[in-house]
There are 2 protein chains.
Amino acid sequence: MIARQIETALSRAQVICKRRGARLTPVRRRVLELILSSDQPTGAYALLGELQRGRGKLGPPTVYRALEFLLAHKLIHKVETSSAFIACADIEHPHESQFMICDDCGATEELRDEEIVESLRRLGERRGFAVERQVVEARGLCPACRSAQR
Amino acid sequence: MIARQIETALSRAQVICKRRGARLTPVRRRVLELILSSDQPTGAYALLGELQRGRGKLGPPTVYRALEFLLAHKLIHKVETSSAFIACADIEHPHESQFMICDDCGATEELRDEEIVESLRRLGERRGFAVERQVVEARGLCPACRSAQR
DNA sequence: AATTTGGTGTTACGCTATAACATGCCACGT
DNA sequence: ACGTGGCATGTTATAGCGTAACACCAAATT
Ligand SMILES: [Zn+2]
Ligand SMILES: [Zn+2]
Ligand SMILES: [Zn+2]
Ligand SMILES: [Zn+2]
């Protein structure tokens with residue numbers, strides 16, 4: 001993402017937080033900025049490394065707490081199979097989403113398919129299960145790597 | 001699972017491996033047995049601990065290599081959001097499956113819904129993505145914990 | 001017999017995540 | 001202004017998950 005878009009996204013996040021009485025503090029804002037800057041999912045320790053470039057030595061809890069906040073407010077998603085974090089593509093409308101992850105280059109795309117969301121929710125309901133969170137990730141090869149393979 | 005069923009499952013696994021020219025060695029068989037014995041997903045280090053009770057000190061690679069084999073042959077599944085391993089409920093028919101995991105008690109159920117499998121595969125295809133592996137996990141509250149909460 | 005292959009043992013290390021406690025900051029009621 | 005309670009952050013230590021690299025051995029292949 002380019003600088004211009006990042007600023008816009010940060011402003012929007014700021015507004016959303018204010019509306020909810022939540023505080024997008026400098027640390028949290030900076031972590032979100034770092035995640036927005038990368039087009040691929042970023043690991044917690046990579047974020048920590050970047051954070052430290054500005055503020056000297058910091059411990060993992062600092063970044064994990066910021067991540068916890070950003071996750072709670074759905075400003076970012078966690079990609080479970082990569083143990084990494086990615087900016088949400090539509091923070092105005094909290095949602096469940098799905099991810100396509102390339103095993104070759106790591107490219108990760110956020111998708112939204114209501115059919116899958118509903119199927120999974122219904123599947124749980126039928127069993128008396130109250131689904132709170134969905135993790136749906138498809139791993140494989142992206143179009144680019146797919147054609148490069150041959 | 002009770003001892004009787006475990007033996008049956010192990011025998012079936014043995015047959016399947018032989019058919020494929022794969023070797024279900026003592027270590028691998030033992031790890032599978034441990035996973036079958038637990039009705040909840042088991043972590044690699046818990047398995048390692050059990051393994052050591054019989055064979056003295058062993059390192060993590062021993063158990064991770066066994067897990068790698070069992071996963072490759074679809075005798076077990078990995079529950080990504082728990083970093084734990086669970087026996088497959090139908091090893092005769094390799095498949096993609098989904099999991100319902102209780103955040104409260106850890107109870108984990110393997111489901112099979114072809115609709116979700118197909119939706120996700122098609123979703124990938126539409127984007128030129130070749131889906132090799134699906135991770136579909138729903139976290140929430142199981143029926144028991146749900147009623148216990150009130 | 002020599003070579004190859006696959007499985008295991010061993011050591012060491014890296015990455016991911018959290019517990020526990022200390023410190024600092026700010027809003028609020030007095 | 002003062003104290004206080006709540007929240008965010010800093011700090012240290014440790015737990016949990018996973019793999020690289022190399023050594024060894026036994027069975028299969030030549
Ligand atoms: Zn999103
Ligand atoms: Zn790719
Ligand atoms: Zn299964
Ligand atoms: Zn439960």
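So that the names make sense, note that chain A is the first sequence line, chain B the second, and so on, each numbered from 1.
- In terms of polar N and O atoms assigned as donor or acceptor, the side chain of B:R65 comes within less than 3.5 Å of the base of C:dG9 in a complementary pairing.
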**OP:** Please step through side-chain contact (heavy atoms from CB on, under 4.5 Å) for the pair B:E115 and A:R122, ending with a clear verdict.
**Re:** CA-CA 12 Å; B:E115 192 183 318; A:R122 274 201 310 270; 4.2 Å; yes

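- Residues B:G59 and B:R23 each lie close to DNA chain D; by heavy-atom proximity, the contact nearer the 5' end of the strand is made by B:G59.
- The CG-C1' distance, from A:L58 to D:dA8, rounds to 13 Å in whole Å.
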Subject >> Full working for side chain to side chain donor-acceptor pair (under 3.5 Å) between A:E137 and A:T81 >> reply: CA-CA 8 Å; A:E137 302 178 9; A:T81 56; 2.5 Å; yes

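- Here D:dT12 presents its C1' atom at 14 Å from CG of A:L48, a figure rounded to the nearest Å.
- In terms of phosphate contacts, A:T25 brings a side-chain nitrogen or oxygen within less than 4.0 Å of OP1 or OP2 of D:dT9.
- At whole-Å resolution of the value, CG in A:L24 and C1' in D:dC7 are 15 Å apart.
- Within a 6.0 Å sphere centred on CZ of B:R20, heavy atoms belonging to other residues, nucleotides or ligands number more than 12.
- Using a distance-only test at 3.5 Å, with no hydrogens or angles considered, no donor-acceptor pair links the side chain of A:S82 to the main chain of A:A84.
- When the side-chain nitrogen and oxygen atoms of B:K78 are compared with OP1 and OP2 of D:dG18, one or more of them lie within a distance under 4.0 Å.
- Within the 3.5 Å criterion, the main-chain N or O of B:D113 finds a donor-acceptor partner in the side chain of B:Q98.
- The neighbour count for A:R53 CZ, taken as heavy atoms of other residues, nucleotides or ligands under 6.0 Å away, does not exceed 12.
- Remark: P of C:dT16 and CG of A:L67 are 12 Å apart, rounded to the nearest angstrom.
- Summarising the geometry, the separation between CG on B:L71 and C1' on D:dC17 is reported as 14 Å, rounded to the nearest angstrom.
- Classification of the B:H77-B:H95 ring pair by plane angle, with boundaries at 30° and 60°, yields tilted.
- Look at CD on B:Q52: it is 12 Å from C1' on C:dT10, rounded to the nearest Å.
- Rounded to an integer number of Å, the gap from A:L51 CG to D:dT9 P is 10 Å.
- Counting non-hydrogen atoms under 4.0 angstrom, A:T62 reaches a base of the nucleic acid.
- Atom CZ in A:R55 sits roughly 6 Å away from atom P in D:dG10 (whole-Å rounding).
- Checking D:dA20, C:dT16, C:dG9 against every side-chain atom of A:S83, the shortest atom distance belongs to C:dT16.
- Distances shorter than 4.0 Å separate some side-chain N or O of B:Y64 from OP1 or OP2 on D:dG18.
- In the region residues 26-45 of chain B, proximity to DNA chain D at under 4.0 angstrom, judged on heavy atoms, holds for B:Y45.
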